[in-house]
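Inspection log for the structure reproduced underneath, given as structure tokens.
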Amino acid sequence: MRPEPIEFRSTQVYPLPMPVARAPEMDIEAVYRLVETERAAVDELIKQRLASNVVLINQLGDYIVNSGGKRLRPVLLLLSAKAFGYGGTHHTTLAAVVEFIHTATLLHDDVVDASEMRRGRDTVNALWGNEAAVLVGDFLYSRAFQMMVEPGNMRILEILADATNTIAEGEVMQLLNCGEPDTTEDSYLTVIRCKTAKLFEASTRIGAVLCGRPRAEEEAVARYGMHLGTAFQLVDDVLDYGAADAQQIGKNIGDDLAEGKPTLPLIYVMRHGNPAQVAVVREAIQKGGREYIELVLNAIETTGALEYTARAARAEAEMALTAIAGLPPTPYKDALRTLAEFAVQRHY
């Protein structure tokens with residue numbers, strides 16, 4: 001049975017700054033060291049399961065594995081499982097599954113968006129063409145589904161199948177919003193909660209399910225993942241217009257504008273800018289490209305759109321922290337708290 005649709009909040013949720021509560025003393029490197037053994041097992045599993053008799057798949061697989069990235073979703077699954085006391089091995093298999101699903105969405109995203117750079121490197125579609133990128137993305141999806149049956153847990157299959165479907169719906173909603181300057185904040189938040197935050201939510205939820213935790217605990221850690229994923233995307237929106245240079249964020253500044261995507265900074269200008277600013281942002285969204293980038297950047301700066309978007313991200317991170325407040329105190333809970341703080345303080 002398909003789960004009930006997520007209920008999304010009103011746009012009027014970010015009126016004041018909401019600083020994230022300080023996490024215990026732990027930096028992001030310490031978070032990753034905490035699950036270093038499991039991460040190594042996940043990386044090895046990814047290499048093994050990417051292997052194919054098809055030479056092109058192996059070539060692209062090697063390129064993808066070595067393309068960097070924070071592997072954040074697998075780490076979230078590992079931390080969630082350990083926070084609930086998991087002692088088995090299925091968490092590493094499922095961590096590789098969520099990384100495959102995530103990577104497949106990126107490959108397809110880059111084709112749809114005609115992106116040429118990701119994580120500071122040429123995209124797969126830029127090097128090998130759209131056909132290869134789409135088909136290897138399909139290979140990753142199918143490999144993920146082969147692997148997700150291994151734990152023999154129908155609840156986990158349900159979570160991952162639902163997440164994959166919701167992500168696809170989010171992609172289609174984003175496509176419909178491209179070039180649409182009248183996109184509302186509610187509509188945009190729905191897109192990012194489907195497209196980006198859903199896999200965060202699934203990753204953290206699986207950790208609780210593996211341990212057979214009560215549904216209330218499962219829902220709590222799932223809310224943490226959903227709010228954390230939303231915060232991450234909102235900070236990406238800030239960095240798309242506020243980063244110092246392309247190398248800092250691993251893609252070209254203003255890529256979202258070039259694709260006609262009405263992200264939250266632009267939506268804010270449309271609501272609060274003067275008539276001239278609204279007119280230029282409207283035309284920039286409708287036409288795409290970078291023709292109006294300087295005027296748009298000026299409108300974003302003078303209206304405080306980046307500050308508003310950053311405040312929205314901080315509010316989401318605060319809600320993520322609140323969701324896991326009842327978890328037993330462990331280093332893994334501390335790590336989850338640190339990730340919420342990192343989400344809104346990062347510059348890349």
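- Between Arg39 and Glu44, no side-chain nitrogen of the basic residue sits less than 4.0 Å from a carboxylate oxygen of the acidic one, so the salt-bridge criterion is not met.
- The CG atom of Asp43 sits 11.0 Å away from atom OG1 of Thr92, with the distance rounded to the nearest 0.5 Å.
- Evaluation of the side chain to side chain donor-acceptor pair (under 3.5 Å) rule for Tyr188 yields Asp237 as partners, not counting sequence neighbours.
- Sequence neighbours left out, not one pair with a member in residues 220-232 passes salt bridge (charged side-chain N to carboxylate O under 4.0 Å, His left out).
- With a 4.5 Å cut-off on side-chain heavy atoms, Thr184 and Ile267 do not count as touching.
- Ionic pairing of Arg155 and Glu158 is present here: one or more N-O contacts between side-chain nitrogen and carboxylate oxygen are shorter than 4.0 angstrom.
- With Lys198 contributing its side chain and Ala163 its backbone, the two residues share no donor-acceptor pair below 3.5 Å.
- For the side chain to side chain contact (heavy atoms under 4.5 Å, CB included) test, residues two or more places apart in sequence or in another chain that qualify with Met147 are Leu45, Arg49, Thr93, Ala96, Val97, Phe100, Arg143, Glu150.
- Partners of Arg205 according to the side chain to side chain donor-acceptor pair (under 3.5 Å) rule, which considers only residues two or more places apart in sequence or in another chain, are Glu201, Glu218, Glu219.
- The shortest side-chain heavy-atom distance between Glu316 and Leu234 falls under the 4.5 Å cut-off.
- No donor-acceptor distance shorter than 3.5 angstrom exists from the side chain of Ser187 to the backbone of Thr183, with no hydrogens or angles considered.
- Side chain of Thr166 to backbone of Cys194: no donor-acceptor contact under 3.5 angstrom is found.
- Contact detail for Met270 and Pro181: the closest heavy-atom pair is CE-O, 3.7 Å.
- Of all the heavy atoms in Ala133 and Leu107, the pair that sits closest is O-CB, 3.8 Å.
- Nearest heavy-atom pair, Val344 versus Val235, reported as atom, atom and distance to 0.1 Å: CA-CG2, 3.8 Å.
- A salt bridge links Glu291 with Lys287; the closest basic N to acidic carboxylate O contact falls under 4.0 Å.
- Not one N or O on the side chain of Ser203 forms a donor-acceptor pair closer than 3.5 Å with the backbone of Leu77.
- At a threshold of 4.5 Å between side-chain heavy atoms, the hydrophobic network of Ile, Leu, Val, Met, Phe, Trp and Tyr places Leu176 and Ile285 in two separate groups.
- Here the straight-line distance linking atom CZ of Arg121 with atom CD1 of Ile64 works out to 10.5 Å at 0.5 Å rounding.
- The distance from atom CG of Leu327 to atom CZ of Arg213, rounded to the nearest 0.5 Å, is 9.0 Å.
- In this structure Tyr268 satisfies the ring pair (Phe, Tyr, Trp, His ring centres under 6.0 Å) test together with His272, Tyr308, sequence neighbours excluded.
- Grouping Ile, Leu, Val, Met, Phe, Trp and Tyr by side-chain contacts under 4.5 Å, direct or through others, puts Val134 with Val111.
- Taking a cutoff of 4.0 Å between a charged side-chain nitrogen and a carboxylate oxygen, Lys82 and Glu38 qualify as a salt bridge.
- The two residues Ala208 and Val221 come nearest to each other via the heavy atoms CB-CG1, 4.0 Å.
- For the atom pair CG (Leu257) and OH (Tyr292), the distance works out to 11.0 Å, reported to the nearest 0.5 Å.
- Between Val149 and Leu157, some side-chain heavy-atom pair lies under the 4.5 Å cut-off.
- What you find for Ile324 and Lys333 is that their closest heavy atoms are O-CE, 3.3 Å.
- The two atoms that bring Val269 and Val278 nearest to each other are O-CG2, 3.7 Å, heavy atoms only.
- Contact of the Leu94 side chain with the Pro151 side chain is registered, since non-hydrogen atoms from C-beta on lie closer than 4.5 Å.
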Distance-only donor-acceptor hits, side chain of residues 298-307, under 3.5 Å, sequence neighbours excluded:
from: Thr302; atom 1: OG1; to: Gln277; atom 2: NE2; distance (Å): 2.7
from: Thr302; atom 1: OG1; to: Asn298; atom 2: O; distance (Å): 3.0
from: Thr302; atom 1: OG1; to: Ala299; atom 2: O; distance (Å): 3.4
from: Thr303; atom 1: OG1; to: Ala299; atom 2: O; distance (Å): 2.8
from: Thr303; atom 1: OG1; to: Ile300; atom 2: O; distance (Å): 3.4

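- Applying the salt bridge (charged side-chain N to carboxylate O under 4.0 Å, His left out) rule to pairs touching residues 50-64 yields nothing, sequence neighbours excluded.
- Side chain of Thr123 to backbone of Ser115: a donor-acceptor contact under 3.5 angstrom is found.
- The side chain to side chain donor-acceptor pair (under 3.5 Å) test applied to Arg282 returns Asp182, not counting sequence neighbours.
- With sequence neighbours excluded, the residues that form a ring pair (Phe, Tyr, Trp, His ring centres under 6.0 Å) with Tyr141 are His108.
- Remark: Leu264 CG to Asp256 CG distance equals 11.5 Å, nearest 0.5 Å.
- Inter-residue side-chain proximity for Lys195 and Asp109 is flagged as met; some heavy-atom pair is nearer than 4.5 Å.
- Within the 4.5 Å cutoff, the side chain of Phe84 has no heavy atoms near those of the Tyr332 side chain.
- One finds a salt bridge joining Arg71 and Glu99 here, because a Lys/Arg side-chain nitrogen approaches an Asp/Glu carboxylate oxygen to under 4.0 Å.
- Sequence neighbours left out, the pairs with a member in residues 190-212 that pass ring pair (Phe, Tyr, Trp, His ring centres under 6.0 Å) are Phe200-Phe232.
- No continuous path of ILVMFWY side-chain contacts below 4.5 Å connects Ile167 to Val112, so the two sit in separate hydrophobic clusters.
- Atom CD of Glu171 and atom OG1 of Thr105 lie 6.5 Å apart (nearest 0.5 Å).
- Hydrophobic clustering keeps Met173 apart from Leu106 (ILVMFWY residues linked when any side-chain heavy atoms are closer than 4.5 Å, directly or through intermediates).
- In this structure, Leu135 and Leu56 have side chains that are not in contact, with every pair of non-hydrogen atoms separated by 4.5 Å or more.
- For His90, the ring pair (Phe, Tyr, Trp, His ring centres under 6.0 Å) test picks out no residue, with sequence neighbours left out.
- Screening Leu78, Ile206, Leu79 for a side-chain contact (heavy atoms from CB on, under 4.5 Å) involving His91 leaves a single residue, Leu78.
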